[in-house]
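Whatever order the structure lists them in is the order used to number ligands and atoms, beginning at 1. Because the structure is predicted, anything quoted here is derived from the model rather than measured.
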Amino acid sequence: MNKIEDLSFDNTYAKLPEVFWERVKPTPFPNPYVVSVNPSAADLLNLDPGEFSRSDFAEYFCGAKLLSGSDPIAMLYSGHQFGHYVPQLGDGRAIMLGEVKNDQGEPWELQLKGAGLTRFSRDGDGRAVLRSTIREYLCGEAMHGLGIPTTRSLCIVAGEEIVLRELPEPGAMLLRMAPSHVRFGSFEVFHYRRQHEYLKLLADYVVDHHYPHVREAENPYARLLHEVAMRTGHMVAQWQAVGWAHGVLNTDNMSILGLTMDYGPFGFMERYDPTFICNHSDHQGRYSFQHQPDIGYWNIRALAQALSVLIDEDALKLAPQLYEQAMLEKYAELMRGKLGLVETHAGDDKLLTDLLNMMDSSRTDYTTFFRTLGAFQQESASANGALRDFFLNRDVFDDWAGRYRERLLAEKSQDAERKVRMDRVNPKYVLRNHLAERAIQLATREKDYSEIDRLLELLSHPFTEQPGMEGYACPAPDDSPQIIVSCSS
Ligand code: AMP
Ligand code: MG
């Protein structure tokens with residue numbers, strides 16, 4: 001187990017030419033203190049949990065003390081925001097402290113989000129608010145718990161600094177980690193600047209460090225693009241299956257590793273609603289829940305365009321097709337699992353579509369319904385009363401339940417065995433907005449951070465019934481205030 005001083009850095013991205021980044025020191029807060037530390041992320045760095053209580057832990061993770069071997073940089077990128085190309089974005093408030101190699105030789109880039117101004121800050125202040133760091137911290141771990149590829153988070157550090165958003169709010173920094181934070185926009189910037197030598201250098205960097213097996217392909221760059229397309233397709237399918245929306249699917253928020261990244265105004269759907277828009281500033285619904293699969297396709301085309309000097313026309317055209325195929329196949333597989341089906345039969349698509357339409361009409365809670373469906377009993381309609389109660393139109397449900405029963409019989413499904421299987425794929429607990437909000441209110445108003453740790457623990461095991469935590473599985477009470485989240489979060 002490592003002490004903080006023992007973390008071993010190999011800052012490979014900082015070895016790329018200077019156009020790729022700006023060397024910049026974090027701007028610390030006065031009087032920093034630890035809000036929460038995530039033991040499972042620390043474990044990825046082989047960081048000794050005894051280190052969390054060190055008096056200087058917060059100083060290291062708010063940039064006041066430099067980690068030995070760290071070489072802080074802000075990364076350059078551009079991207080398509082809401083469909084329009086923005087020539088330069090870059091890390092405006094996240095500073096990469098460096099890349100740690102853990103005992104298994106795995107690379108983990110450490111990024112401090114909210115660490116102050118960089119060359120890429122544009123009109124921003126380089127800061128993050130405690131509210132948004134808590135949301136990103138918890139959701140990253142919730143997604144990881146659900147088995148969805150994502151950036152991770154090590155800790156939140158706050159300090160005596162007030163940050164101005166719509167209202168003044170306490171500032172904080174989030175230490176997030178990923179094997180790489182390279183985005184689609186990291187390639188787009190060199191494509192649109194016609195700096196093709198840098199584009200190739202970046203493609204080689206990503207291949208060498210993160211996709212070494214594609215070197216064997218006839219055109220490694222084509223193979224890279226195809227793998228990114230497929231990973232992205234799988235990731236989007238997983239979002240759709242758990243009922244989660246990202247909220248700002250600009251190409252600068254799309255990871256080259258197919259990780260969920262840059263958590264902002266995201267949301268888990270409560271009542272099933274395909275038109276669900278979680279981002280208050282997304283007036284057109286470009287990034288609504290139901291549009292995510294198409295936006296993934298659009299973004300893969302943008303990445304293909306950015307790589308067009310390295311890849312021939314046919315291979316470029318194949319990328320969005322591979323994305324779509326991967327997304328649809330994965331989604332079908334995941335939804336089959338959510339219904340507890342093992343085999344694939346004709347009519348399964350209709351069974352699912354009819355269910356979703358029914359849920360839409362009744363505004364059924366997405367997570368709770370699927371969790372409850374695990375207890376469906378084939379031989380006793382009266383035992384399925386709890387499921388029936390999810391729907392306003394009981395007759396329509398009864399008809400669907402009859403067809404579902406027939407379908408289960410057709411593959412000789414056993415109730416008890418199926419429930420075990422379904423409980424492993426239908427989560428009991430997701431990060432509902434009101435749960436995050438309660439942790440945020442306690443943290444900001446009372447400096448009580450216990451709810452953050454409680455949620456972190458709960459959401460790390462979303463499929464496991466946890467005694468005494470029943471309330472955390474419930475939808476927001478009807479009278480709970482509407483929570484508004486937007487890009488500026
Ligand atoms: P996002 O919508 O959070 O992905 O951010 C889009 C761009 O705006 C990125 O280049 C961010 O680094 C930058 N940005 C967002 N918030 C701030 C801020 N408070 N200060 C500086 N830059 C920011
Ligand atoms: Mg971003």
Interfacing atoms of ligand 1 (cut-off 4.0 Å, heavy-atom, D262): 4 (O)
Residues E106 and K101 bridged, charged N to O under 4.0 Å: no
Count of N, O or S atoms belonging to protein, less than 2.8 Å from the Mg ion (ligand 2): 2
Presence of salt bridge, R54 and E5, under 4.0 angstrom: yes
Presence of salt bridge, D125 and R165, under 4.0 angstrom: yes
Check: Y272 ring centroid to Y366 ring centroid under 6.0 Å: yes
Aromatic Y77 / basic R183 pairing, under 6.0 angstrom, 45° off normal: yes
G90 to ligand 1, any heavy atom closer than 4.0 Å: yes
N253 and ligand 1 - part of the residue with a heavy-atom distance under 4.0 Å: side chain
Lys NZ or Arg CZ of R454 over Y449 ring: under 6.0 Å, within 45°: no
Side chain, backbone, both or neither: the part of F120 lying under 4.0 Å from ligand 1 by heavy atom: neither
Proximal candidate to atom 18 (C) of ligand 1 [heavy atom criterion; set Q88, M75, R93]: R93
Proximity of H291 and Y287 rings by center, below 6.0 Å: no
Qualifying residue for side chain to side chain contact (heavy atoms under 4.5 Å, CB included) with V182, from H210, M75, E109: M75
Polar contact flag for G126 and ligand 1 (N/O pairs, less than 3.5 Å): yes
Aromatic ring pairing H213/Y211, orientation class (parallel under 30°, perpendicular over 60°, tilted between): tilted
Sub-6.0 Å ring centroid separation between H80 and Y85: yes
Close approach, K113 and ligand 1, non-hydrogen under 4.0 angstrom: no
Residue portion contacting ligand 1 (non-hydrogen atoms closer than 4.0 Å) for E136: neither
Ring centers of F190, Y198 separated by less than 6.0 Å: yes
Any N or O of D91 closer than 3.5 Å to N or O of ligand 1: no
Side chain, backbone, both or neither: the part of Q81 lying under 4.0 Å from ligand 1 by heavy atom: side chain
Under 4.0 Å to a heavy atom of R165 - the qualifying atoms of ligand 1, by number: 19 (N)
Contact check: G92 vs ligand 1, nitrogen or oxygen atoms, below 3.5 angstrom: yes
Atoms in ligand 1 flagged as close to G124, the criterion being non-hydrogen separation under 4.0 Å: 18 (C), 20 (N), 21 (C)
Residues 293-307 side chain polar contacts: donor-acceptor under 3.5 Å, at least two apart:
residue : atom : partner : partner atom : Å
N299    : ND2  : L249    : O            : 3.0

